[in-house]
2 protein chains.
Amino acid sequence: MTRSISPNDLLIRRLQSIHTVSKEEIRALRDLPLEIASLGPGHDIVRMGERPTQCCVVIEGFTCIYKLTSDGGRQIMAIHVPGDIPDIQSLHLGVMDFGLAPISSCTVGYIPHEKIQQVCDNYPRLGVALWRETLIDAAIYRDWMLNIGQCEAFGRVAHLVCELVIRLKAVGLTEGDSFKFPVTQANLADAFGISSVHMSRVYGMLAQQGLLKVTRTHVTVLDWDELQEAGDFDPTYLHLERNTPA
Amino acid sequence: MTRSISPNDLLIRRLQSIHTVSKEEIRALRDLPLEIASLGPGHDIVRMGERPTQCCVVIEGFTCIYKLTSDGGRQIMAIHVPGDIPDIQSLHLGVMDFGLAPISSCTVGYIPHEKIQQVCDNYPRLGVALWRETLIDAAIYRDWMLNIGQCEAFGRVAHLVCELVIRLKAVGLTEGDSFKFPVTQANLADAFGISSVHMSRVYGMLAQQGLLKVTRTHVTVLDWDELQEAGDFDPTYLHLERNTPA
DNA sequence: ACTCGAGCTTAACGTATGTTGGGAGCCTCC
DNA sequence: GGAGGCTCCCAACATACGTTAAGCTCGAGT
């Protein structure tokens with residue numbers, strides 16, 4: 001268990017992992033007011049079509065971005081780890097074109113748009129860091145699309161696990177070769193564009209081939225090299241400035 | 001045939017379609033130096049892994065963003081129309097995590113990063129417009145992912161045609177219900193994550209059901225309502241400020 | 001006008017994945 | 001400590017799509 005980290009520290013860690021941040025800028029970030037909230041899955045954070053006036057920072061647990069088709073299909077297009085600002089785009093795109101929801105019980109912090117805007121005005125380099133953050137979100141979308149469009153389900157799952165390991169390491173939230181991941185297979189199926197039945201099949205195959213061990217709450221990587229190979233994984237697209245902190 | 005439009009005007013039209021642009025800002029955009037180049041398909045504009053020092057504006061024809069899997073699969077994840085800046089992210093993400101290539105013969109204009117940076121510094125609202133542009137790129141990725149992950153090939157194709165019509169209208173490049181689109185089915189197949197054989201099947205179905213007419217060089221929409229229905233299309237995600245100019 | 005090649009179409013057959021349905025494990029709340 | 005409800009798992013069957021391979025069309029070049 002990681003000892004108590006201030007919510008703002010996670011955000012700072014995240015930005016540090018993709019951009020240089022000065023002492024003064026760190027102070028400005030630490031002063032951002034965060035209104036904390038605890039949420040369970042099934043309770044949307046922001047809904048499609050809304051016009052939010054604040055952004056949300058993930059503090060604990062996992063959230064996701066999703067869209068629905070008119071006939072009930074749901075595609076999850078991004079999974080967020082602590083430190084991420086999932087709806088930072090709302091700063092400059094008025095209307096939400098997607099929904100944001102927890103996929104595990106989680107706590108988030110809200111920051112009013114105006115406060116973020118002030119920080120951008122006073123510290124232009126932080127503005128650039130946030131712009132860069134949105135560009136990396138897009139880079140992750142691109143990779144996810146390659147995954148969904150060109151790879152079989154087996155590889156898609158391997159790929160996501162690789163990505164999560166790297167991103168969690170960047171904010172110091174892995175526990176050796178495993179990490180907490182209390183996400184149901186039905187949710188994951190929606191992320192990979194497959195059925196939950198097939199999701200179960202694939203998890204079974206990954207376990208059988210000794211790449212992964214999965215429980216309801218944790219994922220453990222058993223063979224990192226093989227997993228990367230299977231997932232055709234190359235972390236360039238994450239645009240991290242440096243690697244793991246610990 | 002549209003009468004000669006200055007290359008910069010297309011860029012201006014595009015930015016106007018997503019953001020308010022003042023007279024003075026228009027002047028600044030018009031003064032941007034564009035180094036024009038003509039390219040045929042198969043000749044990359046920027047390659048994965050490179051660190052460009054300039055951005056490219058599409059002036060005529062179509063370009064695309066793509067990524068490759070290690071076993072030779074290619075996923076096209078975005079198609080650009082005149083006025084777009086396909087690699088604007090390179091302003092703040094040093095390394096390219098994707099390739100950029102023409103998918104028809106086309107002409108593009110290059111602008112050095114430093115010139116764009118100057119414009120952003122001198123006209124902060126233009127900086128915001130460009131940020132917004134990158135956010136809309138991401139919104140398009142999201143929609144494309146929903147499409148690929150949750151819809152059948154038939155709907156995917158219908159959806160893209162709808163999207164292209166709207167985006168081309170926004171820069172004034174449709175001809176009634178049809179538009180020039182000299183893109184091979186093999187390329188389109190890579191965009192939809194299907195085989196070229198299946199691409200042909202789907203085009204056939206769309207024509208047979210009277211939604212679309214396709215030639216090697218042009219696409220004609222025969223039934224806009226049905227096409228939107230089939231493609232589950234809602235243009236919100238394009239975040240256009242107003243609709244068609246003409 | 002003929003050739004040639006790239007792109008398109010069609011058919012036959014194989015497979016990854018979807019769907020339905022049933023049953024087993026495991027929390028949670030009386 | 002049952003009862004009910006989520007999850008997960010498994011089996012049987014259905015299908016959209018991939019693969020291969022063969023013709024066909026059309027436009028470019030001579």
Test side chain to side chain donor-acceptor pair (under 3.5 Å) applied to B:Asp137 - qualifying residues, sequence neighbours left out: none

Between protein and nucleic acid, restricted to nucleotides 3-5 of chain C and to nitrogen or oxygen atoms under 3.5 Å apart, what atom pairs and distances do you find?
none

CG/B:Asn147 to CG/B:Leu160 distance, rounded to the nearest 0.5 angstrom? 8.0 Å

My understanding is that only residues two or more places apart in sequence, or in another chain, count here; which of them pass side chain to side chain donor-acceptor pair (under 3.5 Å) with B:Glu60? none

Is there a donor-acceptor pair closer than 3.5 Å between any side-chain N or O of B:Trp144 and the backbone N or O of B:Ala191? yes

The ring-ring contact (aromatic ring centres under 6.0 Å, His included) partners of B:Phe62 (sequence neighbours excluded) come to B:Phe181

So, the side chain of B:Glu50 versus the backbone of B:Val95: is there a donor-acceptor pair under 3.5 Å, distance only? no

How would you summarise protein contacts on nucleotides 16-30 of chain C per nucleotide, using B for base, S for sugar-phosphate only and - for none, with heavy-atom distances below 4.0 Å? SSBBB----------

Quick check: closest heavy atoms across A:Cys56 and A:Ile45, and the distance to 0.1 Å? SG-CG2, 4.2 Å

Quick check on D:dC9: is either OP1 or OP2 less than 4.0 Å from any side-chain nitrogen or oxygen of A:Gln185? yes

Pair B:Asp44, B:Tyr66: side-chain N/O donor-acceptor within cut-off below 3.5 Å: yes

A:His159 vs A:Tyr237 aromatic rings, parallel, tilted or perpendicular, using cut-offs 30° and 60°? parallel

With five pairs defining each end axis, the helix from C:dA1-D:dT30 to C:dC30-D:dG1 comes out bent, to 10°, by 50°

Atom pair distance, as rounded to whole Å: CZ in A:Phe181 and P in D:dC8: 11 Å

Which atom of A:Ser90 lies closest to which atom of A:Asp87, heavy atoms considered: OG-O, 2.8 Å

How many whole angstroms separate atom NE2 of B:His218 from atom C1' of C:dC8? 18 Å

Separation of atom CD1 in B:Ile148 from atom P in D:dC17, rounded to whole Å: 12 Å

Let me know which of A:Arg14, A:Gln89, A:His239 forms a side chain to side chain donor-acceptor pair (under 3.5 Å) with A:Glu133. A:Arg14

Can you tell me how far C1' of D:dC8 sits from OH of A:Tyr203, to the nearest Å? 12 Å

